[in-house]
Amino acid sequence: MDYVNGPGRNHLFVPGPVNIPEQVLRAMNRNNEDYRSPAVPALTKTLLEDVKKIFKTTSGTPFLFPTTGTGAWESALTNTLSPGDRTVSFLIGQFSLLWIDQQKRLNFDVDVVESDWGQGANLEVLASKIAEDKSHTIKAVCIVHNETATGVTNNLATVRKILDHYQHPALFLVDGVSSICALDFRMDEWGVDVALTGSQKALSLPTGLGIVCASPKALEASKTAKSVRVFFDWSDYLKFYKLGTYWPYTPSIQLLYGLRAALDLLFEEGLDNVIARHARLGKATRLAVEAWGLKNCTQKEEWFSDTVTAVVVPPHIESSEIVKRAWKRYNLSLGLGLNKVAGKVFRIGHLGSLNELQLLGCLAGVEMVLKDIGYPVKFGSGVAAASAFLQNSTPLIPSRI
């Protein structure tokens, strides 16, 4: 943004990367350190313990990889599976598509369950496949919790119920990149074997940390998994955990301090309060979209996402023009439609370090952009709908009571 500067702040409402709190920026504004000194292992130990809380696990083992969500995907797969293993994976949008592509390129036998973009994972098909798999050829069920391209959230508890009902031993692998720290996520209760997230989403950090958490069952599977892995090998990390030095290679010192600050902020607000805040912002955004006379890409309420809303535009409007206009005229960053929904939707991200008034500013900006491109929006309609809901539902800030 320094090269295309505009007055005031950029209003960042893409569904990741998100706004970074000032406390996190300050925490990362430091020089390099010797990661073999006593200080960094001591910091890492507290991070590993506290990261378990965002997954809601007491039995899981976390790994902090200097990578993106894509790297975290690869870590989850290669540490638990062998080439040729059968996986069931759900294609419901761009990011589930990319994970499926990765599975195929890693030489797994991917059984793809495809749904229309805007629908959730077809769990009836999953139940049928699990019921038929008497010989347990399915080694893993891979699902994206929150599909960022379409604003669809999947029901993870139901996946676990299906596996348990048929007493199927398949591993349960979950992409929680745009859900963990924003949506309800219960690793232990839902029997998730590997969960993962990225630092640039609800944790409100820069991109660069892929955070993976493995259940005891997943760790046991890693002992016999034959997929080639080097950089993402859990066993290397576990060796250094036992030594108390924690790192098999150089970590990003600045991101570790940033993660410490980000976790402190989440815990100060209270994780349940954080989830409730995201629910409010998601509901307010959907009410605004309805007031504008536009449709949500997500086809059923049960799949609505509280971290991103994909807004369908009329056929005569090219959604990328909305995104371009917002950025060029109002310094507002919105998400583009991707792949099958390119040109058909624009996305409003409402996750991470974000409050009610920031969201209302975004919604006001969207109304101006819609008017700019010729859509007959009534000024204030979406803002009013969202404001009315937020005024009645927003609690006092916990730290200021």
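Just so you know, these numbers come straight off a predicted model, no measurement behind them.
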Please name all residues satisfying salt bridge (Lys or Arg N to Asp or Glu O under 4.0 Å) with [X], sequence neighbours left out, ordered by chain then number.
| X | answer |
| --- | --- |
| Glu124 | none |
| Glu302 | none |
| Lys53 | Asp50 |

State yes or no: are the ring centers of His278 and His350 separated by less than 6.0 Å?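 No, the ring centres sit 6.0 Å or more apart.
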Within the 6.0 Å centroid threshold, strictly below: Tyr237 and Phe232: no
Which atom of [X] lies closest to which atom of [Y], heavy atoms considered:
| X | Y | answer |
| --- | --- | --- |
| Thr153 | Ser305 | OG1-CA, 3.3 Å |
| Trp117 | Leu338 | CZ3-O, 3.4 Å |
| Ala170 | Ile138 | CB-O, 3.6 Å |
| Leu48 | Pro62 | O-CG, 3.3 Å |
| Trp327 | Ser333 | CD1-OG, 3.6 Å |
| Met187 | Ala214 | CE-C, 3.9 Å |

Measure the shortest side-chain to side-chain distance between [X] and [Y] over non-hydrogen atoms and say whether it is less than 4.5 angstrom.
| X | Y | answer |
| --- | --- | --- |
| Tyr246 | Val40 | no |
| Leu97 | Asp101 | no |
| Trp234 | Thr61 | no |
| Ser96 | Ile143 | no |
| Val311 | Leu334 | no |
| Ile373 | Ile317 | yes |
| Asp306 | Arg286 | yes |
| His136 | His168 | yes |

Have [X] and [Y] got a donor and an acceptor in their side chains that come within less than 3.5 Å?
| X | Y | result |
| --- | --- | --- |
| Ser115 | Asn122 | no |
| Thr137 | Ser135 | no |
| Ser37 | Asp34 | no |
| Thr148 | Ser178 | yes |
| Trp99 | Ser89 | no |

How long is the gap from CG on Asn107 to CG on Asp85, to the nearest 0.5 Å?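 One finds 11.0 Å between CG of Asn107 and CG of Asp85.
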First locate atom CD1 of Ile54, then atom CD1 of Ile211, and finally report the distance between them rounded to the nearest 0.5 Å.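 It is 5.0 Å, given to the nearest 0.5 Å.
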Evaluate side chain to side chain donor-acceptor pair (under 3.5 Å) for Gln119 paired with Trp303, printing each intermediate quantity in order. CA-CA 7 Å; Gln119 294 182 357; Trp303 295 320; over 6 Å; no
Is it the case that over 12 heavy atoms from other parts of the model lie below 6.0 angstrom from the NZ atom of Lys344?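 Atom NZ in Lys344 is not packed in, count stays at 12 or less.
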Report the residue from Asn31, Asn29, Asn32 that forms a side-chain hydrogen bond (donor to acceptor under 3.5 Å, both in side chains) with Gln254. Asn32
Got a list of side-chain donor-acceptor pairs under 3.5 Å for residues 376-392, not counting sequence neighbours?
unit_1: Ser381; atom_1: OG; unit_2: Lys378; atom_2: O; d: 2.8
unit_1: Ser387; atom_1: OG; unit_2: Val383; atom_2: O; d: 2.7
unit_1: Asn392; atom_1: ND2; unit_2: Ala388; atom_2: O; d: 3.1

Salt bridge (Lys or Arg N to Asp or Glu O under 4.0 Å) between Lys56 and Asp272, worked out: CA-CA 11 Å; Lys56 292 190 177 176; Asp272 289 340; 3.5 Å; yes
In residues 351-365, what donor-acceptor pairs under 3.5 Å come from side-chain atoms, sequence neighbours left out?
unit_1: Asn355; atom_1: OD1; unit_2: Leu357; atom_2: N; d: 3.2
unit_1: Asn355; atom_1: OD1; unit_2: Gln358; atom_2: N; d: 2.9
unit_1: Glu356; atom_1: OE2; unit_2: Arg280; atom_2: NE; d: 3.2
unit_1: Glu356; atom_1: OE2; unit_2: Arg280; atom_2: NH2; d: 3.0
unit_1: Gln358; atom_1: OE1; unit_2: Asn355; atom_2: N; d: 2.9

Aromatic rings Phe63 and Tyr241: how do their planes relate, parallel, tilted or perpendicular, breaks at 30° and 60°? parallel
Between Phe231 and Tyr249, what is the ring plane arrangement, given parallel below 30°, perpendicular above 60°, and tilted in between?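 Parallel.
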Any pair counted as salt bridge (Lys or Arg N to Asp or Glu O under 4.0 Å), so long as it reaches residues 311-323, sequence neighbours left out: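 For residues 311-323: Glu321-Lys324.
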Step by step, work out the salt bridge (Lys or Arg N to Asp or Glu O under 4.0 Å) result for Glu147 and Lys340. CA-CA 14 Å; Glu147 173 53 71; Lys340 283 189 178 182; over 6 Å; no
